[in-house]
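Heads up, the thing below is written out as structure tokens.
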Amino acid sequence: MNQVAVLISLARHPKSGRLMLSPNDARALAVAKEMADDVRLIHVGETAHALTLRQYLGLGFPSLELIEMTDGADICEVLISYLQKDAPKVILTGLYALGQEDTGLVPYVLAEALSRHLVDRVLSVVTASNTAHQLFSRVQRRQLSFPELAILAVSSNAPPTLEFAARLSSGDSAP
């Protein structure tokens, strides 16, 4: 599948308060890596955070798109304006950011504004059939098809990516 993008954010470390890679977005990146070789990373924020954002490049992505956001701007409005100009077919997000000013509504607002189907709580994707495996409840899972233009919010219960990041940073090939 071509034209896959992941919306990335920065999380706050629960103890130190320092900005860091968001574990939920890292899970979305792992799903995106399975879907396509060429994945776009998109972040809305301050250029002052560029050094912290480089952690995402350490996961095996060649570049990221940084959209500068002015003080007081609504992140959803900025994303909608940006994505209306050059929208990928499939947009992935973490289910919610961690430790930032996030309500968890960004994927829903984007889906509504861009007239896209939204599949939330995604665990994995079968690209050949545009099928998402979704966590329906703690023990129930379901499979459902999604259209070519969709937004997928990846569950915080998706397989952890720490091993994925460790292998890439140590120079080993990805699974």
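Nothing here was measured: the structure is a model prediction, and the numbers come from that model. We number each residue from 1, following the sequence as shown. Only heavy atoms go into these numbers, but all of them, side chains included; no hydrogens, no water, no symmetry mates.
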Would you call [X] and [Y] a side-chain contact if the rule is heavy atoms closer than 4.5 Å?
X	Y	value
Arg40	Asp86	yes
Arg27	Asn24	yes
Leu53	Leu66	yes
Ile42	Leu83	yes
Glu34	Val125	no
Val122	Ser155	no
Leu59	Leu21	yes
His43	Tyr56	no

Working to the nearest 0.5 Å, report the span between [atom1] of [X] and [atom2] of [Y].
X	Y	atom1	atom2	answer
Met69	Glu46	CE	CD	7.5 Å
Thr93	Leu7	OG1	CG	6.5 Å
Asp25	Ser156	CG	OG	11.5 Å
Leu123	Asn157	CG	CG	7.0 Å
Met35	Thr127	CE	OG1	5.0 Å

Nearest atoms (heavy-atom pairs only) where [X] meets [Y]:
X	Y	answer
Ala150	Pro147	CB-O, 3.7 Å
His133	Val126	CE1-CG2, 3.6 Å
Ser22	Ser9	CB-O, 3.7 Å
Val4	Ala36	CG2-CB, 3.9 Å
Ala28	Val154	CA-CG2, 3.7 Å
Val90	Leu152	CG1-CD1, 3.8 Å

Hey, quick one: are [X] and [Y] part of the same hydrophobic cluster, counting side-chain heavy atoms closer than 4.5 Å, chains of contacts allowed?
X	Y	result
Leu79	Leu149	no
Phe146	Leu135	no
Ile91	Val78	yes

Donor-acceptor pairs under 3.5 angstrom involving side-chain atoms of residues 104-117: please list them, not counting sequence neighbours.
residue	atom	partner	partner atom	Å
Tyr108	OH	Asp120	OD2	2.7
Arg116	NH1	Pro88	O	3.0
Arg116	NH1	Lys89	O	2.7
Arg116	NH2	Pro88	O	2.8

Flag yes if more than 12 heavy atoms outside Arg54 fall under 6.0 Å of its CZ atom; otherwise flag no.
no

